Amino acid sequence: MSKKGSFDLKVGLAEMLKGGVIMDVMNVDQAKIAEDAGAVAVMALERIPALIREEGGIARASDPQMIREIQDRVSIPVMAKVRIGHFAEAQILEAMEVDFIDESEVLTPADEHNHIWKHDFKVPFVCGCRNLGEALRRIGEGAAMIRTKGEAGSGNIVEAVRHMRQVKSDIKKLTTMDREEMMAAAKDMGAPFSLVEQVAKIGKLPVPNFAAGGVATPADASLMMQLGSETVFVGSGIFMSDDPGPRAKAIVDAVTYYKDSKKMVEISTDLQTAMKGIEISEIPENERLQERGW
Amino acid sequence: MIGVLALQGNFTKHIELLKRLGISSTEVRYPDQLNEVDGLVLPGGESSVISDLIVRNDLLEPIVEFSRVKPILATCAGIILMSKKTNDSRVIPLNIFDIEIYRNAYGRQIHSFIDTIQVDLNGTTSSIVASFIRAPKIAKLGNDIEVLATHNGIPVAIRNDRHIGLTFHPELNNETIFHSFLFQMKKKVDTLSAN
């Protein structure tokens, strides 16, 4: 008897995206540029994080028409974002058969206490995290892929590095704990005990762990891969730069050859100006996207 | 030593599976590495992305050369790459299997499925669990292709002399029969001929 929509199948697609680059796109032309450059998937959204930051207002799930156009034009998986807790937006995306839903802090949250119960959906979800507790809460709700939050739209890798290191260090601590200590750790992190136990045993997250939020150069991608990320999301870093096509291709190559520093020289050479980026301290605390999510 | 093409995709799962079988393996990203391995796995991932990386990193001819003497196990995206013809012009076929294959032919992720299939491999029939993820469909079978398994009448596992191609993912369900048959068998033969 054939079975669809199981958690294993959701994680299975995340497995296939490993070693690739997922790119934010705002229209069909950008989706084609991303696909031609070697994106492993595209994330369709109305405004990339840097523009949301600039223009303000409420950021919502994208117009189905725009997502449909992109689905019709590219053969790689198409992902789209919904607001935190907005399960009705997610139902619409599921009915459109998007391949992955990102319940994202980049959009304006719809619920300030609860995330979506993602087990109710047949389409897989990815969610952001800043630490292990947050990652395990999202996995407990049914996320099949975790990404660092970083600081979206900043062009600054510092927050993604902080979050990746935090998750790794939290995991390392768990693996050295006695069983007695694990319950206290679960309580402190606000994470489901069964997942805490599982992570302590396997020494890594039970789902793929990708990097996002601030990647702007091939070297940024290499840095995140070397820190243990399994794939890289690039949001504003491509289409806010002066050379989206070549830069996208260079980041794709960097994720494959991230350990080969000679090849990284070649990959990083002859690119034009990267996105300008923002110093995190210049972003008022209440405007930092990473603070969203509970 | 078995090589696992590590340009993009779930190559790490294959490495874990081979390790469990006691077979040592290495990630392959450069043409020279093919001289050092006795077999190759082409993993799942996005076929158009892997194809592009194969071409841009001068791996196309070396993989075809390799296939003339040594075994390749291809899963999902891998079997698309090994076909003679696909419905996606961005995939450059390696033309190792005489088949025509359609990419992502069961539909988007929501149509991905797990099912039990019967596999006839080397005179033994076994029932295995197979994960089909945005899977391709073999549309035409050409010369010298043996069908090892079908799903609803469509071939999902094939063999031509030394290679095996699958449209699903045995590695996601810890299914070792294909890796074991292709690569452990090879090891035994090597030992025999060395004696």
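Because the structure is a prediction, the values reported are computed rather than measured. First the proteins, then the strands, lettered A, B, ... as listed; each starts at 1.
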Taking atom NZ of K137(B) as the centre, does the number of heavy atoms from other residues, nucleotides or ligands within less than 6.0 Å exceed 12?
-> yes
Contacting region of S47(B) [heavy-atom separation from chain A under 4.5 Å] | neither
Does a sphere of radius 6.0 Å around CG in D72(A) hold more than 12 heavy atoms from other residues, nucleotides or ligands, not counting ones at 6.0 Å or beyond?
-> yes
Within-4.5 Å side-chain heavy-atom neighbours: I114(B) and S6(A) | yes
Has the side chain of Q109(B) got a donor or acceptor atom that lies under 3.5 Å from a matching backbone atom of L9(A)?
-> yes
Can you check whether Q8(B) reaches M16(A) side chain to side chain, under 4.5 Å on heavy atoms?
-> no
Taking all non-hydrogen atoms of both residues into account, name the closest pair between S112(B) and K4(A) and its distance.
-> O-CG, 3.4 Å
Just wondering, more than 12 heavy atoms not from K32(A) lying within 6.0 Å of its NZ?
-> yes
Within a radius of less than 6.0 Å around CG of D161(B), do more than 12 heavy atoms belonging to other residues, nucleotides or ligands occur?
-> yes
Crowded around R20(B) CZ? As in, over 12 foreign heavy atoms under 6.0 Å?
-> yes
Where on E35(A) is there a heavy atom nearer than 4.5 Å to chain B: the side chain, the backbone, both, or neither?
-> both
Between the CG atom in D88(B) and the CD1 atom in I76(A), the distance rounded to the nearest 0.5 Å is 10.5 Å
Is chain A contacted by the side chain of S48(B), its backbone, both, or neither, given a heavy-atom distance below 4.5 Å?
-> side chain
Spacing of Y258(A) atom OH and R29(B) atom CZ [to the nearest 0.5 Å] | 5.5 Å
Carboxylate-amine/guanidinium contact D99(A) R134(B), below 4.0 Å | yes
Sort A6(B) into side chain, backbone, both or neither according to what part of it lies under 4.5 angstrom from a heavy atom of chain A.
-> backbone
Tell me, side chain or backbone of A14(A) under 4.5 Å from chain B's heavy atoms, or both, or neither?
-> neither
Interchain contact, A41(A) with chain B, by part (heavy-atom threshold 4.5 Å) = neither
Selection from Q71(A), K263(A), E230(A) maximising heavy-atom pairs under 4.5 Å formed with chain B = Q71(A)
Check for a donor-acceptor pair, side chain of R90(B) on one end and backbone N or O of D36(A) on the other, with a separation under 3.5 Å.
-> no
Among the options V98(A), D260(A), V40(A), V255(A), pick out the one with the most heavy-atom pairs lying under 4.5 Å from chain B.
-> V40(A)
Sidechain-backbone polar pair: Y257(A) side chain, L7(B) backbone, donor-acceptor under 3.5 Å = no
Nearest heavy atoms of A39(A) and V49(B), plus distance in Å | O-CG2, 3.3 Å
Please check if any side-chain donor atom of H169(B) sits under 3.5 Å from a side-chain acceptor atom of E15(A), or the reverse.
-> no
Applying a strict 4.5 Å limit to non-hydrogen atoms, the region of I110(B) in contact with chain A is both
Assert top hit (heavy-atom pairs under 4.5 Å, partner chain B, pool K249(A), K10(A), E94(A)) equals K249(A)
Under a 4.5 Å heavy-atom cutoff, which of P208(A), S2(A), G19(A) has the most pairs with chain B?
-> S2(A)
Any side-chain heavy atom of L53(B) within less than 4.5 Å of one from D253(A)?
-> yes
With chain A, the option among R56(B), R103(B), K13(B), E27(B) that has the most non-hydrogen atom pairs under 4.5 Å is R56(B)
Drop me the distance from L17(A)'s CG to N10(B)'s CG, to the nearest 0.5 angstrom.
-> 10.0 Å
